[in-house]
Amino acid sequence: MASSPLLATSLPQKQLTTTATATAGEFRLHPAEKLAFLIDKSVSVNEVLQIHAAILRHNIVLHRYPVLNLKLHRAYASHGKIRQSLALFHQTISPDLFLFTAAINTVSVNGLHDEAFLLYIRLLSSEIVPNEFTFSSILKSCSTESGKAIHTHILKLGLGLDPYVATGLVDVYAKGGDVISAEKVFDRMPERSLVSSTAMITCYANQGNVDSARALFDGIRERDIVSWNVMIDGYAQHGFPNEALTLFQKLLTESKPNPDEITVVATLSACSQIGALESGRWIHVYIKNSRRIRLNVRVCTALIDMYSKCGNLEEAVSVFNDTPRKDIVAWNAMISGYAMHGYSREALRLFDEIKGLQPTDITFIGLLQACAHGGLVKEGLRMFESMREEYGIKPKIEHYGCLISLLGRAGMLKRAYEIIRNMKMEADSVIWSSLLGSCKLHGDFVLGKEIAEYLIGQNIVNSGIYVVVSGLYASVNDYEGVAKVRSLMKEKGIVKEPGISTIEIDDKVHEFRAGDREHLSCKEIYEMLRKISELVKSHGYVPNTDAVLQDLEEAEKEQSLQVHSERLAIA
DNA sequence: ACTTAATTAG
């Protein structure tokens, strides 16, 4: 659209002779209606500003033309000019329901939840009655508590069965984790729309109830890509990465719908979790060959994460270098990638290269991990300080975890212990395990035992800590200590979670538990295991049975190590 | 004229 004609004193004749605006020109419209028509055609903020200027030039009093006023508000809001669109609202003498609703929607969408409620209250104070549009807008700003209050208003006005409103309610209850209320609203809907079903699937998935989610998903006749994405991501984010991959494969076998950016991001996350490099690579190639799916910053970040976690750092770096419009999340992923591969200096160097982006708490987790892995004590301590002082980021428990691991590995055990005791927050089992592990590593059994006894005394225990404590006792041959820990475990009914190892072969992920005999090639696997064992023993391998927690004879301990899940997977 | 579901980093 041309830029200057709108600023001319009369209405832009040129505009009205083009084909696009011919319909408007055929009628003798009031300038306000013509301008409203132009707003609908506008594609940039500049055009909106010019139209606004034309409105002022024509001395059009906006609140006398509610439709024009509303369209202008919407146009500003849709281009992210929130202040401008709200200014329009506040200049309007008595806003009608449409403008109220649009304004509530604008602030809600932009996260100004308090503002949304102020507007809603102002609406209620006028004699205007909110409608279904208003509620689907205000619900976006509701917590579960305020959602319940709004729910009563909805019921009072008889709008509870409107599909938009009901979906909004399901969404509010889903965010608050109130599945029961969400189900109630959902079940009462006269007909389940695709969107409301998808909202309900999201609710189930977020609760980790993937079975209910899947049942609902399977019951949908016409599934769109959003419902597939919700289901795949639901699996991926709640401990079922294999199911996520399988479902993605199922999607590929159906002709519709086509995967999009979000589908591949969710699936790549599943690949990262199980180290499925081949599947991840396949998806990368699929994206490159697809004309629909763009390698945008989010897709690239998922690829960086996948390649890093699947052990291919070079490919992660290569994707990072080709990532367009890198945001802090992309930088964080690459920093963490370097950190987990032990390239500490590269991680720190990358941090120095970030320009014009505010680092987040996660940036510092990556950096501190890099320092911990590389034994860069001075740098790590300085980093921890600058996080608080320079960047104003409050350390979370995870940051302390990195710090303790950093000091612990460097043998600065006393200092690490002091930091834990002086932390503002309660140390978690990860931190204690890390420090105990360091005590064992550096042979400081006095401090190690002191901590172990403190933990047992304080009842800060779980299977993770028991394992480390017992290992600590075992390494100094304190079998009384080991026995004490064991009986405590029994007494409290703590069971060590069975370890599972997975390995990817020819695009299929195989799972193994210790002593597993479920696998189809079980016989061959055990035969291979026997050969490997002979080989390593002939090279002087002696099994270290100290870490075996079960109460077994030495030979049995060896046997239990022999069929360790990782060994099975490798065989 | 105003309205509904999904995304990455530890």
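Residue numbers begin at 1 in each chain, while the letters A, B, ... track the order of the sequences.
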Kindly write out the residues that satisfy ring pair (Phe, Tyr, Trp, His ring centres under 6.0 Å) with A:His151, not counting sequence neighbours, or none if the list is empty. A:Tyr173
Count the heavy atoms of every other residue, nucleotide or ligand shown that sit under 6.0 Å from CG of A:Asp114, and state whether that count exceeds 12. no
Salt bridge check, A:Arg298 against A:Glu261: does any charged N sit closer than 4.0 Å to a carboxylate O? no
Using a strict cut-off of less than 4.0 Å between a Lys/Arg side-chain nitrogen and an Asp/Glu carboxylate oxygen, indicate whether A:Arg388 and A:Glu385 qualify as a salt bridge. yes
Heavy atom of residues 261-272 of chain A under 4.0 Å from DNA chain B: which residues? A:Ile262, A:Val265
Positions of residues 136-151 of chain A (non-hydrogen atom under 4.0 Å from DNA chain B), listed by number: A:Ser136, A:Ser137, A:Lys140
Give every residue pair that meets the ring pair (Phe, Tyr, Trp, His ring centres under 6.0 Å) criterion with at least one member in residues 69-94 of chain A, sequence neighbours excluded. A:His52-A:Tyr76, A:Phe89-A:Phe100
Along DNA chain B, 5' to 3', what are the outermost nucleotides having an atom less than 4.0 Å from a heavy atom of chain A? B:dA1 to B:dG10
Quick check on the 6.0 Å ring-centre criterion: do A:Phe217 and A:Trp228 meet it? yes
Classify the nucleic acid contact of [X] as base, sugar-phosphate or nothing, counting any heavy atom under 4.0 Å across all strands shown.
X        : answer
A:Thr360 : base
A:Lys71  : nothing
A:Lys326 : nothing
A:Asp96  : base
A:Val329 : base

Side chains of A:Asp260 and A:Thr263 only: does a donor on one sit below 3.5 Å from an acceptor on the other? yes
May I ask you to check whether A:Arg214 and A:Tyr204 show a side-chain donor-acceptor distance below 3.5 Å? no
Residue pair A:Met334 / A:Phe320, side-chain heavy-atom distance below 4.5 Å: yes
I need the A:His284 NE2 to A:Lys288 NZ distance, nearest 0.5 Å. 4.0 Å
Can you pull out every side chain to side chain donor-acceptor pair (under 3.5 Å) where at least one residue sits in residues 328-341 of chain A? Sequence neighbours excluded, please. A:Asn332-A:Thr360, A:Asn332-A:Thr363
